[in-house]
Amino acid sequence: MHESCGVVGIYAPNEDVARLTFFAQFALQHRGQESAGIATTDGKRLQVHAEMGLVSQVFDEDSLSRLTGNMAIGHNRYSTRGSSRKSNVQPIVVGKGSGAMAIAHNGNIVNAEHLYQELSEEGFTFHSSTDSEVIANLIISSHERDWVDKIRYAMHRLQGAYSLTLLTTDRLFGVRDPLGVRPLCLGTIDGGWVIASESCALDHIGADFVREIEPGEIVSISNNGVESYREEVGRRALCIFEYIYFARPDTTINGRLLYPARQAMGEGLAVEHPVDADLVMGVPDSATAAGVGYAHQSGIHLAEGLIKNRYVGRTFIEPQQRIRDLGVKLKFNPLPQVLAGKRVVLVDDSIVRGTTTPKVIALLRKAGAKEVHVRICAPPIRYPCFFGVDMATRWELIAAQKTVPEIRDFIGADSLGYLSVDGLIKAVALPRDIFCLACFTGDYPVPVQIEMDKLALESITVGHQAAFDMERR
Ligand code: SF4
């Protein structure tokens with residue numbers, strides 16, 4: 001299961017802005033490994049370098065030195081099935097001359113198909129299959145003169161998730177949708193400003209965190225300083241998976257550092273699903289903190305039973321299922337010396353299709369584990385995500401098709417326990433009503449999605465994809 005895309009925006013006079021952006025993207029590599037790109041402005045024109053591959057593969061001294069100027073945006077992309085292609089790399093540039101704009105997008109637009117058709121009829125041409133290009137063309141299609149008004153126009157038309165960084169020839173923008181599905185934060189760096197998907201990107205480039213960009217907010221940065229414009233917001237819907245899995249454990253969102261939040265999930269699992277065992281281990285790296293929490297709460301010894309090959313990279317593993325299956329072996333190596341004859345509690349972040357967990361359990365058993373008790377931080381995922389998480393169609397979600405005991409048998413565990421929704425909220429320690437929990441509850445925060453849900457929950461993802469190839473990002 002993957003989220004998709006990390007975005008960055010930097011305004012830093014007298015700095016090598018492209019290089020700073022490169023390092024910020026490096027810190028956000030976990031949010032997308034398929035392509036990377038940077039756009040800069042020298043005040044008169046936009047320059048872009050974007051390619052398929054990891055940040056370190058896409059950029060070198062030569063490409064960075066050609067990206068001149070004092071403002072930049074950057075993008076790391078994760079693609080869904082069937083949309084892995086060069087034409088979809090970001091930032092995407094639309095418009096010309098002083099009307100040109102580059103966009104970097106994290107999220108998914110649920111009414112993209114409708115807007116795509118409308119803009120096509122107006123004569124806008126599309127060079128990618130991304131909903132990000134729909135957003136970009138929608139902004140420049142506005143007859144308003146000022147960029148903020150153009151962005152506002154687009155925000156009133158868009159439905160769904162979008163955390164954006166936008167670059168014109170003389171302004172940088174950070175934009176977050178009114179639901180606030182994806183995170184976006186603001187920092188300062190030596191008289192300049194940084195916008196990033198996660199606060200860990202600020203830390204790595206020596207920037208100081210200032211605040212979150214609020215749901216429904218447009219932040220404008222230029223030589224005139226920083227200005228903020230806010231749209232009216234109703235319900236909030238921050239994706240709870242940012243806390244469970246997507247964001248790095250050293251990121252802070254809504255004032256809550258993720259590492260202790262994940263530890264608390266493990267503690268909650270130990271309370272809700274205790275078991276007699278010899279050792280506890282979290283699946284590295286996403287469930288490492290939860291494993292620590294389970295061990296702390298239960299008093300069971302914490303151990304490392306799986307060593308992760310951190311340098312395997314995910315570029316060549318994703319997005320095909322067959323190659324992903326191989327990826328488990330490529331990724332983890334069990335330690336028989338730790339596992340042999342032991343009753344193991346295996347803590348993981350989530351079970352989506354149920355294809356990976358049996359392979360991890362099989363690795364542990366082959367290494368000698370006597371019992372494997374699986375504990376999962378995310379409650380059972382029974383509904384698909386329409387907000388850009390490459391999860392599965394409903395019929396692919398194992399918890400939508402099987403009961404917990406059936407899943408336990410399917411994955412080959414001795415016992416299986418999921419954290420409850422209440423337990424998850426308690427661990428995150430933030431108000432429940434700021435979150436999207438739709439993949440657990442089916443309560444989608446956008447009305448159109450409920451309609452979609454009623455009409456075609458079983459097949460909408462595949463049908464939508466085939467009909468339009470407007471990828472979920
Ligand atoms: S449906 Fe689930 S994965 Fe999608 S945004 Fe909501 S909480 Fe996140």
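Nothing here was measured: the structure is a model prediction, and the numbers come from that model. Residue numbers count from 1 along this sequence. Read the numbers this way: they start at 1 and go in the same order the structure lists the ligands and their atoms.
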Quiz item: Quick one: which ligand 1 atoms are inside 4.0 Å of a heavy atom on C439?
Solution: 1 (S), 2 (Fe), 3 (S), 7 (S)

Self-check item: Output field: ring centroids F386/Y444 closer than 6.0 Å
Solution: yes

Quiz item: At a 4.0 Å threshold, what atoms of ligand 1 neighbour a non-hydrogen atom of F241?
Solution: 3 (S)

Practice problem: Please determine if R31 and E242 form a salt bridge, counting it only when a charged side-chain N lies under 4.0 Å from a carboxylate O. | Solution: yes

Self-check item: Test item: side-chain donor near acceptor, T288 and R262, under 3.5 Å
Solution: no

Quiz prompt | Atoms of ligand 1 close to C239 [distance to a heavy atom under 4.0 angstrom, numbered from 1] | solution = 3 (S), 5 (S), 7 (S), 8 (Fe)

Quiz prompt | Atom indices of ligand 1, in the order listed, that fall short of 4.0 Å to a heavy atom of F387 | solution = 5 (S)

Quiz item: To which of C385, S350, A438, G442 does the heavy atom nearest atom 4 (Fe) of ligand 1 belong?
Solution: C385

Self-check item: Side-chain ion pair, R236 and E214, N-O less than 4.0 Å
Solution: yes

Quiz item: Less than 4.0 Å between a side-chain N and a carboxylate O, is that true for E217 and R211?
Solution: yes

